[in-house]
Amino acid sequence: MTGSLHIDWTRCDGRGLCTELLATLLTRDDWGYPISRRGDGIRGEVPIAPGHEEAAREAVILCPKLALTLRPPAKSS
């Protein structure tokens, strides 16, 4: 993995642009908010698989509510 996409739920209003740009990583819940397609129940941190970094950066830049940020991979001990 190359880090994660953090979704700030206090800012997100479920417009769905990120789910369009990252359709292989994100889907929408019943209210239109983005969730991981992995089905792991983790809503706010979505792992970014190799090859999806550019689309993730674009989603962060284009989010109208500034609800997305990229986080680097966790450091191993």
Side-chain angles (χ1 to χ4, degrees):
M1 296 292 166
T2 60
S4 63
L5 179 71
H6 175 76
I7 303 167
D8 181 344
W9 297 107
T10 63
R11 292 179 178 232
C12 182
D13 70 355
R15 292 182 185 215
L17 179 61
C18 59
T19 60
E20 293 176 25
L21 293 170
L22 296 167
T24 58
L25 300 177
L26 298 173
T27 189
R28 296 173 120 194
D29 68 10
D30 293 339
W31 299 276
Y33 291 92
I35 57 173
S36 174
R37 284 194 177 273
R38 293 179 56 188
D40 53 14
I42 300 173
R43 297 178 55 90
E45 293 293 326
V46 179
I48 302 298
H52 292 95
E53 298 93 344
E54 186 61 35
R57 278 191 289 276
E58 186 174 357
V60 169
I61 292 167
L62 294 176
C63 178
K65 292 298 193 172
L66 304 174
L68 305 174
T69 53
L70 290 177
R71 294 198 171 161
K75 293 182 179 180
S76 305
S77 301

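Evaluation of the salt bridge (Lys or Arg N to Asp or Glu O under 4.0 Å) test over residues 9-22, restricted to residues two or more places apart or in two chains, returns Asp8-Arg11, Asp13-Arg15.
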Side-chain polar contacts of residues 50-57 - donor-acceptor pairs under 3.5 angstrom, sequence neighbours left out - could you list them?
residue, atom, partner, partner atom, Å
His52, NE2, Thr24, OG1, 2.8
Glu53, OE1, Gly51, N, 2.9
Glu53, OE2, Thr2, OG1, 3.3
Glu54, OE1, Arg57, NH2, 3.1

Scan the side chains in residues 65-72 for donor-acceptor partners under 3.5 Å anywhere in the protein, sequence neighbours excluded, and list what turns up.
residue, atom, partner, partner atom, Å
Arg71, NH1, Glu45, OE2, 2.7

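Atom CG of Leu21 sits about 5.0 Å away from atom CD of Glu58, to the nearest 0.5 Å.
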Start with the C-alpha gap between Leu5 and Leu22, add the side-chain angles, then the distance that decides, and say whether side chain to side chain contact (heavy atoms under 4.5 Å, CB included) holds.
CA-CA 11 Å; Leu5 179 71; Leu22 296 167; 3.7 Å; yes

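A heavy-atom distance below 4.5 Å is not found between the side chains of Arg37 and Leu25. Residues Leu26 and Val46 form a side-chain contact, since some pair of their non-hydrogen atoms from C-beta on lies under 4.5 Å apart.
Not counting sequence neighbours, the partners of Trp9 by the side chain to side chain contact (heavy atoms under 4.5 Å, CB included) test are Ile7, Cys12, Tyr33, Pro34, Arg43.
Across all non-hydrogen atoms, the minimal contact from Arg38 to Pro47 is NH1-CG, 2.5 Å.
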